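Report on the structure given below.
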There are 4 protein chains.
Amino acid sequence: MTTKTPNAARRSEASRRAILTAAFELAGEIGYAKLTIEAIAARAGVGKQTIYRWWPSKGAVLFDAFLMLSEGQLPAGVGDGGEAEGEAAVGDTAAALPDTGDLEADLKAVLRATVAELADPRYDLPLRGLTSEIMHDADLAALYAERLHEPVQEMKRTRLRAARAAGQLDPDVDLDVAVELMWGPVLSRWLMRTAPLTEEFADSVVEAALRGLAPKA
Amino acid sequence: MTTKTPNAARRSEASRRAILTAAFELAGEIGYAKLTIEAIAARAGVGKQTIYRWWPSKGAVLFDAFLMLSEGQLPAGVGDGGEAEGEAAVGDTAAALPDTGDLEADLKAVLRATVAELADPRYDLPLRGLTSEIMHDADLAALYAERLHEPVQEMKRTRLRAARAAGQLDPDVDLDVAVELMWGPVLSRWLMRTAPLTEEFADSVVEAALRGLAPKA
Amino acid sequence: MTTKTPNAARRSEASRRAILTAAFELAGEIGYAKLTIEAIAARAGVGKQTIYRWWPSKGAVLFDAFLMLSEGQLPAGVGDGGEAEGEAAVGDTAAALPDTGDLEADLKAVLRATVAELADPRYDLPLRGLTSEIMHDADLAALYAERLHEPVQEMKRTRLRAARAAGQLDPDVDLDVAVELMWGPVLSRWLMRTAPLTEEFADSVVEAALRGLAPKA
Amino acid sequence: MTTKTPNAARRSEASRRAILTAAFELAGEIGYAKLTIEAIAARAGVGKQTIYRWWPSKGAVLFDAFLMLSEGQLPAGVGDGGEAEGEAAVGDTAAALPDTGDLEADLKAVLRATVAELADPRYDLPLRGLTSEIMHDADLAALYAERLHEPVQEMKRTRLRAARAAGQLDPDVDLDVAVELMWGPVLSRWLMRTAPLTEEFADSVVEAALRGLAPKA
DNA sequence: CGGTAAACGAGACGGTACGTCCGGTCTTAGT
DNA sequence: ACTAAGACCGGACGTACCGTCTCGTTTACCG
């Protein structure tokens, strides 16, 4: 967790969940910038001190909210009414990325899912908030890299490693560079809104990237 | 400009420059999140109302500060003491990217310059602040796209268009996708700090991207 | 005034009066101990900072409220509905105490009025609050002695001085001691509630005191 | 005692004494207004609940502290370092006031002792605190009147009763009025600080009061 | 003399108010 | 007319205590 150090044994799990749920919901409703600790405490039915006791900053709360989400502990449909089936939620802890043998198709599916998630109004604002906080707080960034980024990154690496072993990628490919070659452009379009973030864009990126990473022979 | 609409004729140019300079300096010193209108006004020796009269938000002030910088109006060395010669500053209004005929070398040089700028402590914090604000404010994002992004983007497109015409890139390449294929990964590493942002990384990205964008047959 | 030192020229008189009126009313309604700056600000329709800007403490606000009252600036009937005629209000700035020539009758009338005022529910709680604050804050006590106590004290001294000159009191009488000999017992009964505070008690005190202060011959 | 009703048999005497001692000390050090239950509990090495279990209010704790003091149960020198011998402490449970036959001398001695006690820094702040609480809390005032005031008051009455029987006072004198005629002025000067509280003042008060209470013929 | 119920120390909890800071508006002087 | 200055209302900040409520841990009575 991202928490401080009082006597954690006596900690109220109910309050913790209420706070994280409230934080995530509010981040989606009013945006991270306008999110206040007072509002979180009020929505969660909790004293402010209970937040300050366990988290050092607003960003840390939101981070833990994502962490909880990624561990599937959030009540279904948090953030709004219903949840369509088949969605790839932030926290999908599916053990692995799809591997049908068709690398390009698999990656397009995953990157399209990422695009869909970034466009989902339930996640858009909270994710921008978290990203913003990570941008400005190196400690939080390290935590993010370790807890939220790395597990997903490893799944992506695994899929690419398999492809590399199968001769579909150049044997010298740096897997992290490979991943960033595809996710970086998507992330930057989402953040900067310099151009519309479409599935076609995702497809184009995958195609170009795979061509660039293919064996040289 | 990003400004509101009172009688601009009577506007004090000295105050405007003082405000933008103060905003940029403070953004670099204490970070955008802790930057306050009051502090800008105090540092600039200006009443708060003079800021509120001409700019709608803190982000707009910072945006204009970058705009001024990009137009070479900021006093040399703003942000700190010395400035090494030969640096590629944010506002380099060089008419065009280098074109030596060697596309890969040219792009590596430019992307390395981008990496260097993002790592420069004078620009790191203010740029994160501006990016953060763009992330959260669609209006500002549009303004950014038009005023700050587009001119530079067009320079990049121009260089790639020349390469495409010379048969160094696939004729079907979408130039914006091509640019984002290289700058997206760099931007995302810088923002998320998921891995060190090095010149080697920039080189790898250029190499892979160019291979991916090369003519197909 | 009891105020601090910002640019007093720009001060809002409307806010000042609203704050003092609200403070006095609330002191009467809920008692000084439960009186909060937030409640005063809310009732007065004022930002908290406007209170903190001009007064150093809750006690100072209440003090100024009494000061305003004593200068007849409070709207009639503050504290409750109507105000019966003929009452001796805190701030009665009548130039002098009655002087009918009958010292005992005059003093009994005045001391009975004091008893009535202390028993008046409009003044009881606020006066206890002010007294409590004076008890604990020497600075405020000095201010009280100078601004609120002294003018009234001088009126009492004046009446006794006249009586002394007329040979009704011993020529060696210390007028302050004389005053305290009568008002001290009344004040202490009111504060400590060790026995009921009645007009008969006031009369007894006046009689004994005057006998004690009479010429020795 | 001033306490609530759990099974008093199991009550920890050590905790009770530690709490009362801590409360008295802290009242002297930081003043009653800034005294907090948490600080008392911390100083006494006691859980907050142990205070809330046995006392209904902060004032009740302080009251009991004085009660303990008046019963001579406080460790010698509580409140500061040394204690000079021969002092007239709050709790002097001497069976009676001095009776040398010289009423005026006896009363001056006692009233001077009162003045000294009120001026003693060990008692000044705690006494002001207790007084303040009595002022605002009628229940506590009644308890005070019965437990702390009445025993001392009766001693004073006794001395005056003897004097009255000896023909030194008017046979119609109300003894409570007589006492208040002397102690009231002293109390009010102490509380309001309208003038210095000196032994000369005490003497003057006694002289005037006795003259006023003397037989009429 | 071992079991148990109460009081205990500790401290987390939902709250209220503190005194400060800043956002954005409005007023006053000054140039 | 526009500025610098700064008071104003509002409202969030992070802290201190409130009084309540568990937690284990003594402690002292009782069976």
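Since the model is a prediction, treat every value here as computed from it, not as a measurement. Letters A, B, ... are given to chains in the order of the sequence lines, protein chains preceding strands, and every chain is numbered from 1.
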**Request:** Search all heavy atoms of D:Ala23 against all heavy atoms of D:Val61 and return the closest pair with its distance.
**Result:** CB-CG1, 3.7 Å
**Message:** Distance criterion of 3.5 Å, no angle test: do you see the side chain of B:Gln49 paired donor-to-acceptor with the base of E:dC26?
**Reply:** yes
**Fill in**
In whole angstroms, the gap separating C1' of F:dA7 from CZ of C:Arg16 amounts to 16 Å
**Nearest-Å distance for atom pair CD/C1', residues C:Glu38 and F:dT15** = 13 Å
**Asked** Can you check the B:Lys58 NZ to E:dC21 P distance for me, whole Å?
**Response** 17 Å
**Asked** What about D:Lys48: does its side chain form a donor-acceptor pair under 3.5 Å with the base of E:dG11?
**Response** no
**Request:** Would you please confirm or rule out a distance under 4.0 Å between OP1 or OP2 of E:dA7 and any side-chain N or O of D:Ser15?
**Result:** no
**Message:** Please pick, from F:dA7, F:dA4, E:dA7, the nucleotide with the shortest atom-to-atom distance to any side-chain atom of D:Arg53.
**Reply:** E:dA7
**Request:** Report the residue (B:Val46 or C:Ala41) whose heavy-atom-nearest nucleotide on DNA chain F is the more 5′ of the two.
**Result:** B:Val46
**Request:** For D:Ser12 and for A:Gly45, locate the closest nucleotide of DNA chain E by heavy-atom distance; then report the residue assigned to the nucleotide nearer the 5' terminus.
**Result:** D:Ser12
**Message:** Rounded to whole Å, please give me the gap between CZ in D:Arg10 and P in E:dT4.
**Reply:** 14 Å
**Item:** Any D:Trp54 side-chain nitrogen or oxygen under 4.0 Å from OP1 or OP2 of E:dA7
**Value:** no
**Request:** Measure the distance from CD1 on A:Ile40 to P on F:dC13 and round it to the nearest whole Å.
**Result:** 8 Å
**Message:** Do B:Leu26 and B:Ile40 have side chains that approach each other closer than 4.5 Å (heavy atoms only, starting at C-beta)?
**Reply:** yes
**Asked** Between atom CH2 of B:Trp55 and atom CZ of B:Phe63, what is the distance when rounded to the nearest 0.5 Å?
**Response** 13.0 Å
**Message:** Distance check needed: E:dT25 C1' versus B:Ile51 CD1, whole Å only.
**Reply:** 15 Å
**Asked** Closest nucleotide of DNA chain F for D:Thr36 versus for C:Ala44: which of these residues is on the 5' side?
**Response** C:Ala44
**Item:** Rounded distance in Å - OH (B:Tyr52) to P (E:dC26)
**Value:** 13 Å
**Fill in**
Picking from E:dC18, E:dC8, F:dC8, the nucleotide nearest the side-chain atoms of C:Ile37 would be E:dC18
**Prompt:** Can you check the C:Glu13 CD to E:dT27 P distance for me, whole Å?
**Reply:** 17 Å
**Prompt:** Which nucleotide sits closest to the side chain of B:Thr50: F:dA4, F:dA7, F:dC8?
**Reply:** F:dA4
**Request:** Would you kindly compare C:Ala9 and C:Ala39 by the position of their nearest DNA chain E nucleotide and give the one closer to the 5′ end?
**Result:** C:Ala39
**Item:** B:Trp54 six-ring centre to B:Arg16 NZ/CZ under 6.0 Å and within 45° of normal
**Value:** no
**Asked** Got a donor-acceptor contact below 3.5 angstrom from the D:Ser132 side chain to the D:Arg128 backbone?
**Response** no
